[in-house]
Amino acid sequence: MTSRRNFLNTSAAAAAATLASTPALAARRPPSPDIATTVPDGLNPVGVRTAGVRLVPVVGGKYKVWTKRVGNGATKVLLLHGGPAFSHEYLEVMAAFLPEAGYEIYFHDQLGVNNSDQPADASLWTVPRYLQEVEEVRRGLGLDKFVLFGHSWGGVLAIEYALKHPQALKGLVISNMVAGMQAYLKRVNHLKETLLPAPLLKQINALEQAKDFDNPAYEQIIMANLYNRIICRLDPWPDALMRSFKHMNKDIYIQMQGPSEFEVSGSLKDWERWDRLKDIKTRTLILGAMHDTMDPEDLQRMAKMMPNARAEICPNGSHLAMWDDQDAYFGHLLRFLATV
């Protein structure tokens, strides 16, 4: 291992010297953030361009998580994906809008998912531990006075982070997430009861009562009759979204959320932060959509309870309005980022 590391370091130094001595190559050299690290850290090759990818130690260095920088700009945005335990992939759409507007964005696969380590340790899948991870990633990437963006479950973490580490934030975006599980459950079950035809609703209720969530009929009814109306209204669904579903860590999802979208029986079941919204003074944008699993009225109420927030609702979007109502969604997001 030592000889391999020496070989890699020597090779990296030689490559850097070649670039410096070759004007044509030097002129095309990307900004320094494209180099993962300039000093040995045991995770990233020294002096090597990695297309923005950097591995960051978490849980005190016991594990590592994957991050990727796209774009360059004074305003840096760290993106927290939903789930729990989906992947960053469905947020790849951000790279089509924010970098060209001058913003530097950072994707992140949370621990347990996709490109990051996936330890079999149930004690790791808690809100406090994931909150600690956000701070470890911030430090690992060297971010300061940054914008934190959290979508869905990522919005839970964004709220928690803003309460604990407000000094690090330049701005906050809570996308498609309300401030408590009871409001979410009221909305999502109302949608189930009103959007499903009576025979299908009866079948779904029977399967839920029997706790038969792994029944193929359950997923088929939900996907074909609800998710295409409240999760993403595009047909077909984007490849990036399908990859996130493919890479979902179901064990973590069940432990934190529960066996389905329509009940919260995991560790998130008691999560409520309505009484703490008044303490979030960071400039905040709350984004939602008319067909979302989060009630637009709840999102508007959140903004009124926060000292420095506003809510914007995408008229044609669902839970993934960044995909199915892009003009409205990115119009609101880019206008907000221009003010922070």
Side-chain angles (χ1 to χ4, degrees), residues 81-87 90 125 151-156 175-238 241-272 274 288-302 313-325:
H81 62 73
F86 269 53
S87 70
Y90 76 94
W125 319 130
H151 176 261
S152 195
W153 146 249
V156 172
S175 179
N176 307 85
M177 187 64 220
V178 291
M181 289 299 145
Q182 292 308 307
Y184 160 73
L185 285 171
K186 180 180 178 181
R187 166 71 170 184
V188 77
N189 280 288
H190 171 74
L191 292 172
K192 180 182 72 172
E193 292 162 8
T194 56
L195 295 178
L196 279 181
L200 293 181
L201 179 61
K202 181 179 179 180
Q203 187 176 355
I204 283 292
N205 287 340
L207 290 169
E208 290 181 344
Q209 188 172 2
K211 304 297 182 184
D212 194 7
F213 298 103
D214 291 328
N215 191 313
Y218 187 84
E219 181 177 351
Q220 195 279 330
I221 292 172
I222 295 301
M223 293 293 290
N225 298 275
L226 279 177
Y227 277 16
N228 62 341
R229 301 170 75 178
I230 64 177
I231 299 297
C232 182
R233 296 167 69 86
L234 296 179
D235 184 17
W237 277 9
L241 176 56
M242 298 305 292
R243 282 185 277 120
S244 280
F245 268 91
K246 179 181 178 181
H247 294 140
M248 171 190 178
N249 189 321
K250 191 173 181 179
D251 291 339
I252 298 175
Y253 181 87
I254 290 175
Q255 179 175 323
M256 299 191 72
Q257 163 87 12
S260 87
E261 198 82 4
F262 304 99
E263 70 169 72
V264 182
S265 55
S267 59
L268 283 171
K269 63 184 174 62
D270 297 321
W271 184 80
E272 300 288 335
W274 290 98
M290 287 302 298
H291 305 284
D292 193 4
T293 53
M294 311 295 163
D295 193 331
E297 292 186 6
D298 285 332
L299 301 181
Q300 296 282 5
R301 181 158 63 100
M302 287 172 63
I313 307 301
C314 303
N316 301 311
S318 64
H319 195 55
L320 296 173
M322 72 281 293
W323 284 103
D324 56 21
D325 199 359

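Residue numbers start at 1 and run along the sequence shown. Small disclaimer: the values here were computed from a predicted structure and weren't measured.
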- Task: Could you tell me whether the side chain of H151 reaches within less than 4.5 Å of the side chain of L320, counting heavy atoms only?
- Result: yes
- Task: Give every residue pair that meets the ring-ring contact (aromatic ring centres under 6.0 Å, His included) criterion with at least one member in residues 187-215, sequence neighbours excluded.
- Result: F213-Y218
- salt bridge (charged side-chain N to carboxylate O under 4.0 Å, His left out) pairs touching residues 250-261, sequence neighbours excluded, are D214-K250
- Message: Looking at every heavy atom in both H81 and W153, which two are closest together, and how far apart are they?
- Response: O-CD1, 3.6 Å
- Separation of M294 CE from Y184 OH (nearest 0.5 Å): 6.0 Å
- Query: Taking C-beta and beyond as the side chain, do W125 and N249 meet within less than 4.5 Å on heavy atoms?
  - Reply: no
- Between atom CG of L191 and atom NZ of K186, what is the distance when rounded to the nearest 0.5 Å? 12.0 Å
- Between Q182 (side chain) and L185 (backbone), is there a donor-acceptor pair under 3.5 Å? no
With a cut-off of 3.5 Å and sequence neighbours excluded, list every side-chain donor-acceptor pair involving residues 200-207.
| unit_1 | atom_1 | unit_2 | atom_2 | d |
| --- | --- | --- | --- | --- |
| N205 | ND2 | L201 | O | 3.3 |

- Message: So, using salt bridge (charged side-chain N to carboxylate O under 4.0 Å, His left out) as the criterion, who are the partners of K211 when residues are at least two apart?
- Response: E263
- Item | side chain to side chain contact (heavy atoms under 4.5 Å, CB included) against P296, all qualifying residues, sequence neighbours excluded | R187, M290, I313
- In chain order, what residues pass the side chain to side chain donor-acceptor pair (under 3.5 Å) check against H319, with sequence neighbours excluded? S152, D292, T293
- Task: Please confirm whether the backbone N or O of W323 pairs with a side-chain atom of Y90, one donor and one acceptor, at under 3.5 Å?
- Result: no
- Query: Taking the side chain from E272 and the backbone from M181, do they hold a donor-acceptor pair closer than 3.5 Å?
  - Reply: yes
- Query: What pairs with D270 under salt bridge (charged side-chain N to carboxylate O under 4.0 Å, His left out), at least two apart in sequence or on another chain?
  - Reply: none
- Item | By ring-ring contact (aromatic ring centres under 6.0 Å, His included) - contacts of W237 (at least two apart) | F245
- Query: By salt bridge (charged side-chain N to carboxylate O under 4.0 Å, His left out), which residues pair with E208, not counting sequence neighbours?
  - Reply: K192
- Task: Return the set of residues passing side chain to side chain donor-acceptor pair (under 3.5 Å) with D298 (not counting sequence neighbours), or none when no residue passes.
- Result: R301
Result block: side-chain N/O donor-acceptor pairs under 3.5 angstrom for residues 219-231, not counting sequence neighbours:
| unit_1 | atom_1 | unit_2 | atom_2 | d |
| --- | --- | --- | --- | --- |
| N225 | ND2 | I221 | O | 3.0 |
| N228 | ND2 | A224 | O | 3.0 |
| R229 | NH1 | L195 | O | 3.3 |

- Query: How many angstroms lie between CG in D325 and SG in C232, if you round to the nearest 0.5 Å?
  - Reply: 11.0 Å
- Item | Value rounded to 0.5 Å, distance of OG in S260 from CD1 in I254 | 10.0 Å
- Message: List the residues meeting salt bridge (charged side-chain N to carboxylate O under 4.0 Å, His left out) with R243, not counting sequence neighbours, and say none if there are none.
- Response: E89, E92, D239
